[in-house]
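Only this structure's heavy atoms are used, side chains among them; waters, hydrogens and symmetry mates stay out. By convention here, the first residue in the shown sequence is residue 1.
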Amino acid sequence: MVVVDDRIAHGEHDDSPGPLVTELLEEAGFIVDGTVAVAGEVVDIRNALNTAVIGGVDLVVTVGGTGLLPRDVTPDATQGVLDKRIPGIAEALRSSGLAAGAVDAGISRGLVGVSGSTLVVNLAGSRAAVRDGMATLSSLVPYVIGELSGWDGN
């Protein structure tokens, strides 16, 4: 998992959504190999994503940096890593987040797609967006990972 937050990356703030994402992924049956906090810089985010993809992980979830501010560059960095985008999942995250009251999820520019055989998901950074996003992803991620590994569910 990649947490994109300048303050957390520089040790100035400790209210990271990382532990919440870890908890929700583990509850869904995933093994979380690690969390990395990076500053809101395209190069830092792209390096973290590429490291995870090269490492062969099935899923990378980024949290934060998906909004409208100049420092919100997670989707811009992610776009350079993706081989294929999955716009339907990104739209589902925005729609369900907005319906659940997570305004940052509703206006998120977050992307979802595939890099190699890794599913990459950008979530907005609020706890509400993370909770709702993980609930939305819980049924979709196993299916996508199965598709990427060649399993068709039959």
Closest contact, heavy atoms only, G64 versus T74
O-OG1, 2.8 Å
Same cluster (ILVMFWY, side-chain, under 4.5 Å), F30 and V121
yes
Check whether I107 and V63 end up in the same hydrophobic cluster, where Ile, Leu, Val, Met, Phe, Trp and Tyr are linked by side-chain heavy atoms less than 4.5 Å apart.
no
Tightest non-hydrogen contact, residues V120 and S115, listed as CG2-CB, 4.4 Å
Answer yes or no: are there more than 12 heavy-atom neighbours, outside I31 itself, under 6.0 Å from its atom CD1?
no
Heavy-atom side-chain contact between I89 and V144 under 4.5 Å
yes
Measure from the side-chain N and O atoms of R109 to the backbone N and O of D76, and report whether any donor-acceptor pair falls under 3.5 Å.
no
Heavy-atom pair with the smallest gap, counting every atom of P75 and G65:
CD-O, 3.3 Å
V73 and G40 have their tightest heavy-atom pair at CG2-O, 3.5 Å
Could you point out which residue of L49, V36, T78 forms a side-chain contact (heavy atoms from CB on, under 4.5 Å) with V60?
L49
Residue pair L119, V112: steps toward the side-chain contact (heavy atoms from CB on, under 4.5 Å) verdict
CA-CA 7 Å; L119 177 63; V112 177; 3.9 Å; yes
Is a side-chain N or O of T118 found less than 3.5 angstrom from the main chain of L59, in a donor-acceptor match?
no
Heavy-atom neighbours of R46 CZ exceed 12 at 6.0 Å:
yes
I'd like to know if L111 and L98 are part of one continuous hydrophobic network [Ile/Leu/Val/Met/Phe/Trp/Tyr, side-chain heavy atoms within less than 4.5 Å].
no
Donor-acceptor check, side chain of S126 to backbone of A129, threshold 3.5 angstrom: yes or no?
yes
Please tell me if the side chains of E26 and V32 come closer than 4.5 Å, counting only heavy atoms from C-beta onward.
yes
For G116, is there any backbone N or O sitting under 3.5 Å from a side-chain donor or acceptor partner on D83?
yes
For residues M134 and L20, determine if any side-chain heavy atom of one lies less than 4.5 Å from a side-chain heavy atom of the other.
no
Start with the C-alpha gap between L123 and T62, add the side-chain angles, then the distance that decides, and say whether side-chain contact (heavy atoms from CB on, under 4.5 Å) holds.
CA-CA 6 Å; L123 292 179; T62 69; 6.0 Å; no
Donor-acceptor contact present, side-chain T66 to main-chain S108, <3.5 Å:
no
Where S96 and L93 come nearest, the two heavy atoms and their spacing:
OG-O, 3.5 Å
If you round to the nearest 0.5 Å, how far is CZ of R127 from CG of D132?
15.0 Å
Minimum heavy-atom distance L82-G113, with the two atoms named
CD2-C, 3.6 Å
In terms of side-chain geometry, is the basic nitrogen of R71 or E41 positioned less than 4.0 Å from the acidic oxygen of its partner?
yes
Is any side-chain heavy atom of L148 closer than 4.5 Å to a side-chain heavy atom of V114?
yes
Can any side-chain N or O of S95 pair as donor or acceptor with the backbone N or O of E91 at less than 3.5 Å?
no
Main chain of G106, side chain of R94: is a donor-acceptor contact present, judged purely on distance under 3.5 Å?
no
State whether the side chain of S138 and the backbone N or O of A135 hold a donor-acceptor pair below 3.5 Å, judged by distance alone.
yes
